[in-house]
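Structure first, then comments.
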Amino acid sequence: MSGLLSVRNLCKSFGALKVTDGIDFDVAPGEIHAIIGPNGAGKTTLIHQLSGALKSDSGTVRFAGEDITRLSMAARVKKGLARSFQITSILEGFTVLENAATAVQARSGSSFRFFTPAASESVLNEAAMAALARVGLAEAAHRRAGDLSHGEKRQLEIALALATDAKLLLLDEPLAGTGHEEGAVLIALMADLKATHTLVLIEHDMDAVFALADTVSALVYGRLIASGTPDAVRADPEVRAAYLGEEG
Amino acid sequence: MKDTDTAPAGARTPRLAGRGALIGALVLFAIFAVLPFAAHAAGDPFFIVTATRIIVFAIAALSLDLILGYGAIVSFGHAAFMGIGAYSVAILATHGIGDVLVQALVAVLASALFALVTGAISLRTKGVYFIMITLAFGQMAYFFMVSLSAYGGDDGLTLYDRSTLFGAPLLDGDIGLYYAALAVLVGAFFLLRAVVASRFGRVLRGTRDNRVRMQAIGFSPYPYQLTAYVLAGAIAGLAGVLLANQTEFVSPAYMTWQRSGELIVMVVLGGMGTLTGAIAGAVGFLMLEEILSSLWVHWHIVFGALLVLIVLYTRGGLAGLAGRVFGGRRR
């Protein structure tokens with residue numbers, strides 16, 4: 001079986017509605033694999049299944065050769081599979097640094113330590129600063145995360161995934177709600193991450209997708225109708241009819 | 001697609017984990033330390049009994065703040081742990097075991113065990129269901145003691161002698177008991193202060209702010225929350241040991257859900273998630289009760305109204321108020 005992430009015949013139904021309907025795909029190490037599709041195609045459900053937030057009805061998810069289909073979200077993170085959220089999900093009351101340090105802490109020794117102040121653990125803070133620097137938030141380290149701008153919060157989302165020491169990042173609409181300039185920062189960031197990480201990306205912004213992705217898969221009503229290079233998928237008549245056509 | 005909360009409860013909680021809270025607590029401890037002398041000088045030595053009671057409830061409120069304030073775990077059965085601690089003293093005493101160290105050890109172990117079993121079940125639920133289940137377990141403990149006629153049942157148990165330390169009646173005097181309680185309070189405060197700032201406390205606080213995010217960075221919140229629940233139960237059990245000695249009487253009434261509710265009110269009144277606030281809340285609650293009940297028979301009406309006003313208008317309780325009065329919000 002090839003690929004860092006291999007998905008075979010993955011299914012999920014809510015009642016009679018098949019939201020994920022027999023999906024197969026592989027993500028090669030080091031690539032950016034974008035999943036596109038109209039609203040309601042089941043993209044976020046698929047990310048939930050890959051990250052472990054939702055249980056799959058059937059099918060398998062293998063990561064680095066290992067079957068992770070039944071693992072919890074926390075267990076998958078430990079294997080190196082981290083995600084971001086479409087709706088920003090950060091620890092609002094913590095500082096930016098403490099957000100990242102908490103993510104580092106999850107993989108760095110036991111958290112059943114009761115007496116040493118966590119905030120002064122340089123092991124955690126140094127790795128956290130490295131993740132923040134990578135996304136361009138080093139300057140904001142001591143601000144309260146809830147006070148960041150929307151674009152900065154999106155950067156922090158990615159920093160948190162990085163801080164877990166993940167090999168593969170599942171990014172659920174990283175550009176959601178961002179303006180043009182904020183979006184440009186994030187696109188540059190993702191292009192930079194490609195050097196060190198494998199990315200699975202759900203995105204509505206087609207310009208971003210075709211600029212970044214090595215492979216594009218198109219999801220419509222829970223089925224993958226096409227998968228291949230950006231150019232091949234863009235030219236696919238079925239995709240054009242289902243999705244790209246809508247945007248003219 | 002669910003609406004991820006963008007302004008969780010934690011965001012509004014005053015961040016008094018730093019200097020402000022410490023100074024506040026030290027001031028309170030200093031006042032407590034000189035209180036017996038002041039009461040003596042003021043010709044009201046009996047006040048020391050009320051003050052002991054305040055300190056005992058401050059310890060219990062402090063332990064509740066660990067799970068309620070830092071863990072957003074709304075336990076409506078916290079009084080049960082105090083009751084278990086108190087009964088440990090009374091039951092051991094009826095069997096001739098009066099040493100406070102033995103009693104405290106049994107109390108801590110028994111309340112920790114009760115917390116472990118009930119927490120392991122109730123922490124699998126969330127929100128209102130969790131509140132209901134903790135309330136149910138608390139009432140179970142209450143009715144168990146009511147029906148345990150060998151140890152007084154509904155009538156409770158009178159403690160004929162206060163606990164001893166290696167045979168010495170150190171707690172017999174009100175002053176001795178008072179300072180013993182104060183020592184436990186100070187110890188519990190600094191223990192919990194270290195715990196909430198530790199790695200463990202960070203997981204607890206993070207889960208309060210955003211549980212899903214904590215899972216997405218690789219934490220399973222359950223064992224951490226359960227550990228906090230057990231720790232809080234054990235400390236409340238210790239408060240129960242002191243309570244039994246202060247009242248020299250133990251009854252199932254110590255375990256009622258009303259009592260659990262009062263503990264929640266103390267924490268909310270003082271300000272959740274500050275530790276100092278829990279102590280201030282216990283002081284405020286019990287002093288208010290003391291003063292009002294001596295003024296008017298129907299004092300509960302005024303008491304309730306005052307609590308509502310304080311919670312509504314101080315945002316973050318007494319600690320939040322103090323934080324704004326003295327130099328605004330830090331960090």
Side-chain angles (χ1 to χ4, degrees), chain A residues 44-45 48 51-53 72-95 98-121 124 142-147 153 157 160-161 163-166 170, chain B residues 1-18 22 66 69-70 72 190-228 230-231 272-273 316 329-331:
Chain A
T44 292
T45 301
H48 281 329
S51 67
S72 69
M73 182 146 72
R76 291 181 203 210
V77 175
K78 295 233 156 70
K79 302 277 179 201
L81 183 75
R83 69 168 293 177
S84 73
F85 292 87
Q86 181 183 5
I87 299 167
T88 304
S89 177
I90 54 176
L91 305 169
E92 303 256 346
F94 282 21
T95 65
E98 204 177 10
N99 263 274
T102 307
V104 176
Q105 186 182 316
R107 60 163 163 96
S108 166
S110 169
S111 283
F112 280 100
R113 292 190 202 163
F114 299 88
F115 302 108
T116 321
S120 59
E121 277 196 58
L124 303 183
H142 296 289
R143 285 167 61 194
R144 192 176 157 277
D147 296 337
K153 285 182 182 174
E157 278 268 339
L160 291 182
T164 65
D165 212 16
L170 296 166
Chain B
M1 204 138 311
K2 68 176 184 297
D3 212 19
T4 311
D5 40 348
T6 45
R12 274 198 318 122
T13 330
R15 292 289 128 165
L16 272 175
L22 181 60
L66 174 69
Y70 291 92
F190 283 104
L191 172 75
L192 291 178
R193 198 176 149 78
V195 166
V196 296
S198 70
R199 281 184 169 216
F200 174 82
R202 181 185 262 172
V203 178
L204 203 60
R205 288 180 284 124
T207 305
R208 168 191 69 188
D209 269 22
N210 188 338
R211 184 187 187 92
V212 175
R213 169 40 80 189
M214 292 301 280
Q215 289 170 326
I217 57 178
F219 284 109
S220 307
Y222 180 76
Y224 299 95
Q225 292 191 320
L226 183 57
T227 305
V230 170
L231 181 60
M272 288 185 286
R329 299 177 69 178
R330 293 188 180 81
R331 303 211 308 156

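These figures come from a predicted structure and were not determined experimentally. Chain A is the first sequence line, chain B the second, and so forth, proteins listed ahead of strands; every chain is numbered from 1.
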Check the orientation of B:Tyr224 and A:Phe112. Use parallel for under 30°, tilted for 30 to 60°, and perpendicular for over 60°.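 Ring orientation of B:Tyr224 relative to A:Phe112: parallel.
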Partner chain B: residue of [options] with the largest heavy-atom pair count (under 4.5 Å):
options: A:Gly52, A:Ala103, A:Ala75; value: A:Ala103
options: A:Ala101, A:Ser120, A:Gly146, A:Ala166; value: A:Ala101
options: A:Ser72, A:Ala53, A:Ala145, A:Ser110; value: A:Ser110

Audit row: A:Phe114, B:Thr227, side-chain contact (heavy atoms from CB on, under 4.5 Å) steps and yes/no: CA-CA 11 Å; A:Phe114 299 88; B:Thr227 305; 4.0 Å; yes
Do B:Arg213 and A:Glu92 meet the salt-bridge criterion of a basic N to acidic O distance under 4.0 Å?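 So A:Glu92 does not pair with B:Arg213 through a salt bridge.
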Does any heavy atom of chain A fall under 4.5 Å from the side chain of B:Leu231, the backbone, both, or neither of them?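 For B:Leu231, neither part sits under 4.5 Å from chain A.
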Any chance you could lay out the side-chain contact (heavy atoms from CB on, under 4.5 Å) test for A:Leu91 and B:Arg205, step after step, and finish with the verdict? CA-CA 9 Å; A:Leu91 305 169; B:Arg205 288 180 284 124; over 6 Å; no
At what distance, to the nearest 0.5 angstrom, does [atom1] of [X] lie from [atom2] of [Y]?
X: B:Phe190; Y: A:Phe115; atom1: CZ; atom2: CZ; answer: 14.5 Å
X: B:Ile217; Y: A:Ile90; atom1: CD1; atom2: CD1; answer: 12.0 Å
X: B:Arg202; Y: A:Glu98; atom1: CZ; atom2: CD; answer: 4.5 Å

Go through the steps to decide whether B:Asn210 and A:Ser89 satisfy the test side-chain contact (heavy atoms from CB on, under 4.5 Å), and finish with yes or no. CA-CA 7 Å; B:Asn210 188 338; A:Ser89 177; 2.8 Å; yes
Could you tell me which non-hydrogen atom of A:Thr102 sits nearest to which non-hydrogen atom of B:Phe219, and how far apart they are?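 Heavy-atom minimum between the residues: O-CE1, 3.4 Å.
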What is the minimum heavy-atom distance between A:Ala74 and B:Ser220, and which atoms define it?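 Taking A:Ala74 first and B:Ser220 second, the nearest heavy atoms are CB-OG, 3.6 Å.
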When heavy-atom pairs shorter than 4.5 Å are enumerated against chain A, which of B:Pro223, B:Ala194, B:Ala216 gives the highest number?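 Top count of heavy-atom pairs under 4.5 Å with chain A: B:Ala216.
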Tell me, side chain or backbone of A:Glu157 under 4.5 Å from chain B's heavy atoms, or both, or neither?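 For A:Glu157, the contact with chain B is made by backbone and side chain together.
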What pairs of donor and acceptor atoms, side-chain ones from residues 77-84 of chain A against any protein atom, are under 3.5 angstrom apart with sequence neighbours left out?
from	atom 1	to	atom 2	distance (Å)
A:Lys78	NZ	B:Gly218	O	2.9
A:Lys79	NZ	A:Glu66	OE2	3.0
A:Arg83	NH1	A:His48	ND1	2.8
A:Arg83	NH1	A:Ser51	OG	3.2
A:Ser84	OG	A:Asp172	N	3.3

Heavy-atom donor-acceptor pair, A:Ser111 side chain to B:Arg199 backbone, under 3.5 Å: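 No, because the side chain of A:Ser111 does not come within donor-acceptor range (under 3.5 Å) of the backbone of B:Arg199.
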